[in-house]
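Reviewing the structure listed below.
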Amino acid sequence: MTKQLRVVLILLVGALAIPACGGDDASTDISAVLKEFEISPGSYTIPAGEEITIEIENAGSVDHEWVLLQPGVTISSEADLPETEEELLADFVYWEEEVAPGDTQSFTFTAPAAGDYQVVCAIEGHFDAGMEAQLTVVDP
């Protein structure tokens with residue numbers, strides 16, 4: 001085999017391997033860092049209908065939540081949220097967990113149907129201060 005052919009084969013194998021390492025692929029394992037006042041990363045991609053494991057670290061000094069809103073529900077300010085916890089859970093929340101300051105916990109939930117979803121911290125004052133992220137759910 002000539003040196004040129006060997007180089008071409010190496011480049012071809014490398015080019016084929018790159019998509020398998022993709023950065024935007026849906027994942028069943030995600031993580032979030034919550035702090036005053038942001039959710040990091042600001043976007044996630046997960047596969048629809050799969051069991052998702054999320055590790056949530058609260059790097060802040062107060063309680064924070066990672067709240068996945070229901071399909072079709074988005075808010076632009078906390079004024080859009082209902083006044084009672086019961087209404088919030090029934091009409092707005094798909095899944096949520098709260099983590100204490102300095103704590104890291106892992107949770108699982110089943111991903112909703114394909115679509116774009118809003119993630120917020122629903123603790124009073126936190127969303128309006130900037131605690132928001134986006135979740136994209138894709139068909140597996």
Side-chain angles (χ1 to χ4, degrees):
M1 180 180 302
T2 69
K3 184 176 179 181
Q4 289 174 331
L5 183 55
R6 217 173 312 162
V7 169
V8 169
L9 287 175
I10 290 170
L11 290 174
L12 181 59
V13 169
L16 292 174
I18 289 171
C21 302
D24 292 337
D25 291 341
S27 177
T28 57
D29 294 313
I30 59 176
S31 62
V33 177
L34 313 178
K35 61 184 177 183
E36 291 82 20
F37 286 99
E38 69 178 280
I39 299 173
S40 180
S43 64
Y44 306 85
T45 302
I46 62 174
E50 297 289 326
E51 185 172 280
I52 306 301
T53 299
I54 181 170
E55 181 179 271
I56 302 174
E57 174 188 354
N58 183 342
S61 60
V62 298
D63 287 347
H64 290 297
E65 298 175 319
W66 197 92
V67 180
L68 176 58
L69 297 182
Q70 291 184 15
V73 174
T74 58
I75 63 171
S76 57
S77 79
E78 289 177 33
D80 296 336
L81 294 172
E83 292 186 22
T84 68
E85 181 80 10
E86 293 78 23
E87 286 178 286
L88 178 70
L89 292 173
D91 299 331
F92 284 75
V93 174
Y94 178 83
W95 184 87
E96 74 169 329
E97 284 297 340
E98 185 173 318
V99 179
D103 200 7
T104 300
Q105 295 186 37
S106 289
F107 306 97
T108 59
F109 66 95
T110 302
D116 292 317
Y117 296 82
Q118 189 176 27
V119 175
V120 302
C121 180
I123 295 175
E124 188 174 342
H126 292 203
F127 174 79
D128 285 344
M131 291 193 76
E132 175 184 16
Q134 297 300 312
L135 178 79
T136 300
V137 182
V138 296
D139 287 323

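For this chain, numbers begin at 1 and follow the sequence in order. Hydrogens, waters and symmetry mates play no part in the numbers below; they use all other heavy atoms, side chains included.
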For the pair Thr104 and Glu55, evaluate side-chain contact (heavy atoms from CB on, under 4.5 Å) and give the outcome as yes or no after the intermediate values. CA-CA 7 Å; Thr104 300; Glu55 181 179 271; 3.6 Å; yes

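- The heavy-atom pair separating Pro71 from Tyr94 by the smallest distance is CD-CD1, 4.5 Å.
- At distances below 3.5 Å, not a single donor-acceptor pair connects side-chain atoms of Gln105 with backbone N or O atoms of Val99.
- The line from CD1 of Ile30 to OG1 of Thr53 is 9.0 Å long, rounded to the nearest 0.5 Å.
- Under a hydrophobic-cluster definition in which Ile, Leu, Val, Met, Phe, Trp and Tyr are linked whenever side-chain heavy atoms come within less than 4.5 Å, directly or via other members, Phe107 and Leu135 are assigned to the same cluster.
- With rounding to the nearest 0.5 angstrom, the CG atom of Asn58 is 11.0 Å from the CD atom of Glu65.
- Atoms CG and OG1, on Asp116 and Thr45 in that order, are 9.0 Å from each other to the nearest 0.5 Å.
- Between His64 and Phe37, the ring planes are perpendicular. Angles over 60° get that label, and only those under 30° would be called parallel.
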From CA spacing to verdict: side-chain contact (heavy atoms from CB on, under 4.5 Å), Ser31, Glu57: CA-CA 8 Å; Ser31 62; Glu57 174 188 354; over 6 Å; no

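- Under the 4.5 Å side-chain heavy-atom criterion for Ile, Leu, Val, Met, Phe, Trp and Tyr, Ile56 and Ile39 are members of the same hydrophobic cluster.
- Applying the side chain to side chain contact (heavy atoms under 4.5 Å, CB included) criterion to Thr74, with sequence neighbours excluded, gives Gln118.
- Summarising the geometry of Pro41 relative to Ala133, their closest heavy-atom pair is O-CB, 4.0 Å, with the distance given to 0.1 Å.
- In the hydrophobic cluster analysis, where Ile, Leu, Val, Met, Phe, Trp and Tyr join through side-chain heavy atoms closer than 4.5 angstrom, Val73 is grouped apart from Val119.
- Remark: Glu50 CD to Thr108 OG1 distance equals 13.0 Å, nearest 0.5 Å.
- Transitive grouping of hydrophobic side chains (ILVMFWY, heavy atoms separated by less than 4.5 Å) keeps Trp95 and Leu69 in distinct clusters.
- In this structure, Glu98 contributes its side chain and Asp63 its backbone to no donor-acceptor pair below 3.5 Å.
- Among all heavy-atom pairs drawn from Ile46 and Ser27, the shortest one is CG2-O, 3.3 Å.
- Judged by distance alone, with hydrogens and angles left aside, the side-chain atoms of Glu96 form no donor-acceptor pair with the main-chain N or O of Val120 at under 3.5 Å.
- Between Pro47 and Val137, the shortest heavy-atom contact is C-CG1, 4.0 Å.
- At distances below 3.5 Å, not a single donor-acceptor pair connects side-chain atoms of Asp128 with backbone N or O atoms of Gly125.
- One distance of note links CG of Leu89 with CD of Gln70; it measures 9.5 Å at 0.5 Å rounding.
- In this view, Ala32 and Leu34, Tyr44, Ile54, Trp66 satisfy the side chain to side chain contact (heavy atoms under 4.5 Å, CB included) rule, not counting sequence neighbours.
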Any chance you could lay out the side-chain contact (heavy atoms from CB on, under 4.5 Å) test for Phe92 and Ile75, step after step, and finish with the verdict? CA-CA 9 Å; Phe92 284 75; Ile75 63 171; 4.1 Å; yes

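- A donor and an acceptor atom, one from each side chain of Glu78 and His126, are nowhere located under 3.5 Å apart.
- Judged as a side chain to side chain contact (heavy atoms under 4.5 Å, CB included), and not counting sequence neighbours, the contacts of Glu38 are Lys35, Ser40.
- Here the side chain of Thr84 pairs a donor or acceptor atom with the backbone of Glu87 at under 3.5 angstrom.
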Would you sort out whether Leu68 and Phe109 count as a side-chain contact (heavy atoms from CB on, under 4.5 Å), showing the intermediate values? CA-CA 10 Å; Leu68 176 58; Phe109 66 95; 4.0 Å; yes

